[in-house]
Structures are given as C-alpha cells and as structure tokens.
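Heads up, the thing below is written out as structure tokens.
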Amino acid sequence: MAKNITPRGVNFSEWYQDVIKAGELADHSPVKGCMVIRPDGYAIWEQMQAKLDRRFKELGHVNAYFPLLIPESFITKEAEHVEGFAPELALVTHAGGKELEERLAIRPTSETIIGHMYAKWVQSYRDLPVLINQWANVMRWELRTRMFLRTTEFLWQEGHTAHETYDEAQEETLKMLEVYRWFLEDICAIPVIAGAKPEHEKFPGALTTYAVEAMMQDGKALQSATSHNLGQNFAKAFEILFLDRDNQQQHCWTTSWGSTTRMIGALIMTHGDDDGVIIPPRLAPTQVVIVGLWKNEAEKVGVVAHVEAIRAEIAKVLDPLKIKLDLRDNLRPGDRFFTWIQKGVPLRIEVGPKDVENEAGLSVRRDERTKEAISLGQMAQRVPQLLEEIQANLYAKALAYRAQKTQKIDDYQTFKTFMDGEGGFALAHWDGTKETADKIQEETKATIRVLLPIEGEESGVCMISGKPSKRRVIFSKAY
RNA sequence: CGGGGUGUGGCGCAGCCUGGCUAGCGCACCUGCUUUGGGAGCAGGGGGUCGGAGGUUCGAAUCCUCUCACCCCGACCA
C-alpha cells in the first residue's frame, strides 16, 4: 500500500527507517550517530514526559537539573561504574582555546555528580528521603547506532533517590519499576515483562537492576526502562552520610531509574504496520484528524463549516490541542489521508459534501481501517469510545503476538532451533552462571533479558549444565 | 572496531566497467486547464558541475591516489 515504506516482511530494519522518515519523526544529523528529533517525533516525547512527570510528582518526586559536564575523576570513583562507562565516555579536553587541567566527561548518566551533591545536602535522617528527578540529555559513544534505539546523544529522565534503609530503597526501586510498567502498558499499549537483570547484566555500580522488557514485531526484545537499587555503593564512593535515629553515622541507600527516547522506538516497532507508525490514543499528540473534502469552492464553504462543527463537538470531550484539521486544498484526498496514516494518528474523520448533507462524518480507524459513520450529535460520545477501543486493540494485538512468540523450552537443541528461526522469548532454566549465559549468547546470540518474577518460580534444571535452577528466565535476542 | 554499500538539483536514482554533443530520469516544486471519499492527468517551467583534494589526459561524473561522511550487517551497550 505505502509506496515509500519497505514492508516489514521484506526487511524489518529498512521498514523501521522508512517509517521514521515517512512519519517525519526524525532525521539524521550531520554528526555521526546523532539524530534530529523532528516536531512530530518530539511531540510524542512530550506526551511521554507529561504522563511520566505527572506520575513521578504524584509519588513525591521533584525535578531539578544537574550539569552536563562532570569532572572525569567523579566517574572513576565507583569501581564498577568506571569500568562500565569508560568505553563510551566522551571527554572534553580543550576549552577556551586551552587544554583543560582536568578533563570533563559529558554525562553518560548522572549518579556521580548527583552523589556528590547529595553528600553536601544530606546531614541527618530528617533530610531523607531525597526524591529528585531530572529530564536531560546524555551522551554515550556508541559504535553502532539506530534512530531512537541507540544514538550517541539521547534524551531521558533519570530519577535519583536517597533513603535511610535498604528496605526503603528497595521499595522505591520496585515502585518506580511499576510506574514504568504502568506507563508502557496502560499508556503506550506495549506489554512488558518486569523482572530483575542477572548479576552480569546489571547497571555498573548497582546492587540490583530491574527492567521492563517488551517484544518487538521481529521477535527481538527491547529493554524499555530500568530501575536500580544502588545499595550503598555510590553513597560510599561519594560519602553520602547521615546521622541516623540512633545518632550513628551511616551511608545512605540510593536508587536510580530511567527511561529514554528509546521508548519511541519501542512504540514504532510494537504497533507499526506496513503503512507506518500507529500511535496509541492515550499517548497520541494528535488523537483525531478531521479531513475536509470538496470538489469546488461552493462545496468547500459548507464542508469547512461542518468540519468546524464536528471539531467543536469533539473538543467538548478531548483536549482541543489533540484535534487537528486538514483543510489543505493543494493536495488531493488520497495524499492527505496518507500523511496522517503515516504519522500514526489513531482516528481520522473524513468530511465531504455527503456528510454535510447527513450531518455526520466518516471515521476511519488507523489500526483496523474500519470505517464508521458518526452523526454530529454522537461525536462527543462515540469518538472517545473509538479511541479507547483502538487503545485496547493495540494492546491486545501486541500481547497476542508476544504470547504466540513465547515458549517454555527445556532442551538446548530446541532452544537453538527456536533462536535460529523466527525467535521470540524462550522461558528456560539457567544455572545462574555467567559462563553458561556467555556460551548461550555466543552460540545463539540470545541473552537473558530478565529473571521472571517470584510468582513465576518453578524449579528445574539448567538446559546446558543440568545444574538445579529455581526459576525460569527469559532468553531472547535483543536490541 | 571488522565486513559490505553509497555519496550526481529538495528526495530517490541512471550514467562510471568500454573517458568526448548543452549531465539524464522519476517524485517533489512553480504556472495553466481538467480532476478530487485510499497516493490524478495533460501542457509548459525553474533548479544540479556530479562528497572533497590532488593527479592522468587535448578532454574526467566516468580512470588513478588520498580523504571525508553516511547507511547496512556483525562483536559491545539504554
């Protein structure tokens, strides 16, 4: 159908590139690995920000801003942290025409500088907890980049909290993981599996890392957000000390949690079809577009007035900013429909002379292409219903796809065949060692995405070593 | 960082191997007419010096050398 998009079945990664171009979501920058987020892509990010920011604040967090430049020595204070980030660190060595005394890292994440500041701000248990979030850009010098999924610079949100006890920090870590699950599933209509990362895949410097993993339409996993319990590791490196209720000095327990513009990539690869991206209604910057159709000036007058009337009806129940009108007369109808299809607007309402006559509009769903005439009087009632139906349908389809591509596997031969084929999520037993995980990755390219939650506990034996295993883990090829 | 590919009007490409008329084509753009409920048709028109530098030659988009950039595939990572 779409003449400018490679079908998913032909080449998934070309399809992905094409969809982004067709939807005018982003463009390549002159600097390798960087991308320009165009207005229609950025609008999606703004919606993500709005929803998450609201939720963070409901849970007591406040926003602040920490600087882009971090003394290089900060990064090296926490042993695992340096090791983890050194390879992808960008350093400023010169400024003001001179070589710098101490090189400055462009933040790859902000645990270090924030730890440094928290050490100054926290004195007593009365100062705790500290619940700060920041919206920022970060830079990680990646070798291989992909639009939204992995770019040298990206936008994200990073929350950093400090607490009195391990339990409080752990509670915070899981609470924020749940926020991400809620956001991805209820707002983005992306089903995710939340769980802990294995030891060897955790965030550099964390005690435990949790993540939400989604399955893309090519069967690969995408880590969509993470939440870390940092224990006292950063508190010790940066001397974040407080006087506790027993007048004893101790190190704080900290957490950090983040989500990025990568979620836009997840959105595209979860819901997109061969005609382009599909934005779930609850997230869509534009939920409804009303397209006026006419053949001559005489018809135009009536159509435009009717379009306005429909807009007014819908504006009673939706945010007026999320309703767009398309009254362009330099393009023919087909072209105009396609621009909105490719931008993923969930619902289109076509309004022509016939509709003026019938006092109605013809709605067309982006997800299923089904058409339905809606009378002017019904608009305010029916449009929100349709949007919710689309939201539910997108989630249900994604969930069904994941279910269809998820299997319990107990035998390594079957596992290999599974990963060689169409792939997907394999729920398998693993002996808990990095050696086994490495062997599996080497032979099949699959990695452990997350350990299944407690309720998924089920004992068995590792499919490689035969050693006992308490629970299944998810293996998948991943982005 | 290894392998592959590509740089020619705004976008997508042909031409290059076998150097030679004013460098073509499609889309987009501008003008006019006919059209218009899933990507219109005809006619006319504007726009490029061929990624960059050097070289070979009477003559280079085309051959040689160097260089820059981007994309794709792989190992590492949100």
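If you're wondering where the values come from, they're calculated on a predicted model, not measured in any experiment. To find a chain, count down the sequence lines: A is the first, B the second, and so on, and within it residues start at 1.
Between A:Ser13 and the phosphate of B:rC73, there is a side-chain N or O to OP1/OP2 separation shorter than 4.0 Å. A sub-4.0 Å separation between OP1 or OP2 of B:rG74 and a side-chain N or O of A:Arg144 is present. Phosphate contact (OP1/OP2 of B:rC72, side-chain N/O of A:Gln17, threshold under 4.0 Å): present. The shortest distance between the side-chain N/O atoms of A:Gln342 and the OP1/OP2 oxygens of B:rG39 is not below 4.0 Å.
Going from atom NE2 of A:His228 over to atom CG of A:Leu177 covers 10.5 Å, rounded to the nearest 0.5 Å.
Across B:rA75, B:rG37, B:rA78, the shortest atom-to-atom separation from the side chain of A:Pro353 is found for B:rG37. Picking from B:rG37, B:rC76, B:rC70 the nucleotide with the shortest atom distance to the side chain of A:His28 gives B:rC70. Taking every side-chain heavy atom of A:Asn4 into account, B:rG39 is the closest of B:rG38, B:rA75, B:rG39.
As rounded to whole Å, 11 Å separates atom P of B:rC72 from atom OH of A:Tyr16. Atom-to-atom, CG of A:Leu331 to P of B:rU35 comes out at 19 Å; the value is rounded to the nearest Å. Regarding A:Tyr479, its OH atom lies at a distance of 9 Å from the P atom of B:rC73, rounded to whole Å.
With a cut-off of 3.5 Å on both pairing distances, the Watson-Crick or G-U wobble partner of B:rC1 is B:rG74. Remark: B:rA14 base-pairs with no nucleotide in the shown strands. Criterion, Watson-Crick or G-U wobble with two distances under 3.5 Å. Within the shown strands, nothing qualifies as a pairing partner of B:rU49 under the Watson-Crick or G-U definition with both distances less than 3.5 Å. Look at B:rG19: it lacks any Watson-Crick or wobble partner with both distances under 3.5 angstrom. Pair assignment for B:rU56: none, as no Watson-Crick or G-U wobble contacts are both less than 3.5 Å. Pairing for B:rG44 is with B:rC30, a Watson-Crick or G-U wobble pair whose two hydrogen-bonding atom distances lie under 3.5 Å.
Side-chain polar atoms of A:Thr109 and A:Glu111 form a donor-acceptor pair below 3.5 angstrom. Side-chain polar atoms of A:Trp45 and A:Gln47 form no donor-acceptor pair below 3.5 angstrom.
Of the P atoms belonging to B:rU56 and B:rU65, the separation is 15 Å, rounded to the nearest Å. Between the P atoms of B:rG54 and B:rG59, the separation comes to 16 Å (whole Å). Distance check on atom C1': B:rG48 versus B:rC13 gives 14 Å, rounded to whole Å. The C1' atoms of B:rG7 and B:rC30 are separated by 29 Å, rounded to the nearest whole Å.
Once the 5.5 Å centre distance and the 30° plane angle are applied, the aromatic ring of A:Phe338 is found stacked with the base of B:rG39.
Ring geometry for A:Phe238 versus A:Phe234: interplanar angle under 30°, hence parallel rather than tilted (30 to 60°).
Residue-level contact check: A:Glu88 touches the backbone only, with heavy atoms under 4.0 Å from sugar-phosphate atoms and none from bases.
Proximity of the aromatic rings of A:His61 and A:Trp257 is defined here by a centroid distance below 6.0 angstrom, and this criterion is met.
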